[in-house]
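As the structure lists them, so they are numbered: ligands from 1, and atoms in each ligand from 1.
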Amino acid sequence: MYDLAIKDGLCYINGEFKRANIGITENRITYVGSDNIHGEVEIKARGSFVLPGLFNAHTHLAMSLFRGFAEDMPLLEWLKTKIWKVERLLEPKDVYWGSMLGIAEMIKTGTTCFSDLYIHMDEVARACEESGMRAVLCYGMADRGSEERAKEELKIGEKFIERWNGEKIKAVFGPHAPYTCSLEFLSQIRERADELNVGIHIHVSETKEEVENFIKANSKPPVEKLDEIGFLKEDVVIAHGIWLNDKEIDILAKRKVSVAHNPVSNLKLASGIARVVDMVKAGVNVCLGTDGAASNNTYNLFEEIKLTSLLQKIKLMKADALKARDALDMACKNGYRAYGIDGGEIKEGKLADIIILDSKRLNFIPAYNPVYSIVYSTTGCEVTHTIVDGKILMEDKELLTVDEDRIRDKVEKIIEKFATI
Ligand SMILES: CSC[C@H]1O[C@@H](n2cnc3c(O)ncnc32)[C@H](O)[C@@H]1O
Ligand SMILES: [Zn+2]
């Protein structure tokens with residue numbers, strides 16, 4: 001008898017859909033096959049697609065509070081004239097409710113784990129604990145060339161790791177970017193990450209302007225320089241990685257660095273189109289993220305899956321630039337792999353992070369090949385069940401661990417103060 005049995009669904013296993021039963025014991029998948037299994041709790045999944053949960057590999061979750069706040073601007077102007085000003089008004093409780101809003105949206109659209117880089121991170125961690133969400137969290141650090149600030153920031157980052165690094169919540173270091181963190185500071189972070197055996201999540205090479213400025217100051221592009229100082233290792237995830245040269249892509253592959261690709265945000269801020277196919281060919285682990293809701297404007301990873309595929313077709317002018325299943329794997333398997341978490345696949349022994357979609361929705365009919373249905377037809381509304389760590393967080397579209405109406409009321413009150421900016 002399993003704790004939970006998901007019966008008779010079409011399951012995404014090793015790149016294709018097969019009918020199977022899934023048995024879950026505590027927080028792991030302990031059976032996948034055709035035996036007639038039983039569970040303390042059973043979900044009848046005939047008429048459903050069953051997938052590994054999605055991993056949102058780059059977020060600033062509480063930026064849900066700034067959804068639609070500042071639009072139609074390029075990154076640096078957007079950050080400097082709007083976002084950084086309004087973020088100064090954020091109090092811890094605001095980050096808690098902004099995170100809860102983001103978590104509710106993610107659970108509804110099939111995300112089971114996310115990686116967040118922001119401020120007031122204890123509040124994000126609390127929201128994860130209460131909602132049952134899995135996460136990789138880091139305090140976003142920037143020294144802006146000040147030694148004193150570097151010391152303070154490192155201390156805040158370390159204390160957060162001490163408090164929260166564990167099983168379901170992993171805590172890592174989160175230097176914001178090479179244009180807000182000095183190379184000395186980045187070296188110190190690398191050293192502490194090695195000592196504490198934790199990873200690093202950082203924005204790198206998102207805009208052409210940022211890369212040009214970096215080259216002027218350092219005579220080399222960011223990835224080459226980061227490699228020179230020994231910063232790049234398997235435990236590093238760089239967000240964006242749009243403006244990379246061939247040599248930098250080879251460095252990322254050699255150092256086993258993962259890249260979190262954020263196509264919607266990259267288009268919206270007019271940052272560029274990442275060289276996803278080139279990275280995949282070079283052997284880089286590419287995973288997918290939404291970035292913050294202020295530059296997206298949703299936390300719906302299905303949009304990123306479809307756009308990843310479509311953008312590469314146009315970048316290469318080749319309709320089969322990327323296989324549909326590769327785009328899908330980027331959103332599940334590759335995200336879990338990037339952060340060293342043992343999930344992202346429907347396979348015995350893996351963490352039980354699973355989502356179920358109603359395959360009878362009109363936009364899925366007919367489903368000649370469900371891989372294409374998922375990659376090209378999903379809106380996110382088809383998700384009926386979201387299971388994290390063996391626990392059901394959404395059942396038949398009903399959120400079980402968070403109160404949607406309360407979140408809505410709290411957020412409406414919080415945002416009143418942002419009108420002054
Ligand atoms: C110091 S916490 C994280 C910091 O990052 C800002 N941010 C949000 N989106 C982006 C992006 O696409 N590139 C760089 N920085 C970004 C966010 O507003 C916080 O200040
Ligand atoms: Zn970001």
Side-chain angles (χ1 to χ4, degrees), residues 56-90 92 94-95 98-99 102 114-124 136-144 149-150 152-154 156-157 160 171-181 185-186 189 200-211 213-214 222 237-243 258-274 287-299 301 304 338 418 421:
N56 190 338
H58 178 67
T59 64
H60 313 282
L61 204 58
M63 290 186 87
S64 59
L65 299 172
F66 308 131
R67 198 194 313 263
F69 177 77
E71 298 290 8
D72 306 332
M73 286 181 193
L75 175 74
L76 292 179
E77 183 190 342
W78 177 76
L79 286 174
K80 287 177 186 168
T81 67
K82 293 298 227 179
I83 296 298
W84 283 339
K85 283 185 183 162
V86 78
E87 281 177 343
R88 280 188 214 120
L89 301 180
L90 282 176
D94 306 339
V95 168
S99 299
F114 68 101
S115 178
D116 203 55
L117 190 165
Y118 211 52
I119 49 176
H120 302 307
M121 292 306 291
D122 287 334
E123 301 302 313
V124 187
V136 179
L137 305 179
C138 58
Y139 166 68
M141 306 181 289
D143 70 331
R144 295 192 160 81
R149 187 73 200 138
E152 290 164 5
E153 289 282 85
L154 198 56
I156 300 173
F160 177 73
V172 299
F173 279 115
H176 173 256
Y179 58 90
T180 48
C181 298
F185 185 39
L186 292 172
I189 293 166
I200 304 175
H201 178 186
I202 179 172
H203 296 95
V204 177
S205 300
E206 181 175 2
T207 64
K208 195 166 179 233
E209 184 187 356
E210 149 204 343
V211 171
N213 291 342
F214 189 93
V237 178
I238 68 163
H240 303 292
I242 300 173
W243 296 92
S258 293
V259 174
H261 173 49
N262 303 263
V264 175
S265 172
N266 296 162
L267 289 181
K268 195 146 180 279
L269 298 169
S271 303
I273 304 175
C287 46
L288 301 184
T290 54
D291 215 347
S295 62
N296 188 298
N297 294 5
T298 78
Y299 288 120
L301 214 55
E304 313 293 332
F418 304 144
I421 299 292

Ligand 1 to Trp84 polar contact by distance, N or O atoms, under 3.5 Å: yes

Opening angle between OD1 in Asp291 and NE2 in His203, taken at the Zn ion (ligand 2), to 10 degrees: 170°

Test log, rule side chain to side chain contact (heavy atoms under 4.5 Å, CB included), inputs Asn266 and His261: CA-CA 9 Å; Asn266 296 162; His261 173 49; 4.1 Å; yes

Test item: side-chain donor near acceptor, Glu304 and Asn296, under 3.5 Å: yes

Heteroatom distance test (His176, ligand 1): nitrogen or oxygen, under 3.5 angstrom: yes

Side chain to side chain, Ile156 and Met121, heavy atoms closer than 4.5 Å: no

4.0 Å heavy-atom contact, Met63 with ligand 1: yes

Under 4.0 Å to a heavy atom of Ile83 - the qualifying atoms of ligand 1, by number: 18 (O)

Which of the ligand 1 atoms, numbered from 1, are nearer than 4.0 Å to a heavy atom of Glu206: 11 (C), 12 (O), 13 (N), 14 (C)

From Leu79, Val204, Val86, Leu117 - option closest to atom 3 (C) of ligand 1 by heavy atom: Leu117

Any donor-acceptor N or O pair under 3.5 Å, side chains Glu206, Asn262: no

Donor-acceptor under 3.5 Å (Asp143 side chain, Glu153 main chain): no

Sub-4.0 Å heavy-atom approach of Tyr179 to ligand 1: yes

Phe160 vs Val124, side chain to side chain contact (heavy atoms under 4.5 Å, CB included): CA-CA, chis, key distance, verdict: CA-CA 11 Å; Phe160 177 73; Val124 187; over 6 Å; no

Ligand-residue contact atoms, ligand 1 with Gly140, heavy atoms, under 4.0 Å: 1 (C), 2 (S)

His58 NE2 and His60 NE2 subtending at the Zn ion (ligand 2) (10° steps): 100°

Side-chain heavy atoms of Leu137 within contact of Phe114, under 4.5 Å: yes

Tyr118 N/O to ligand 1 N/O under 3.5 Å: no

Validation row, ring centre His58 to ring centre His60 under 6.0 Å: yes

Nearest neighbour in protein (non-hydrogen) for atom 17 (C) of ligand 1: Glu87 OE2, 3.3 Å

Trp78 and ligand 1 - part of the residue with a heavy-atom distance under 4.0 Å: side chain

Donor-acceptor pair between His120 and Asp94 side chains, under 3.5 angstrom: no

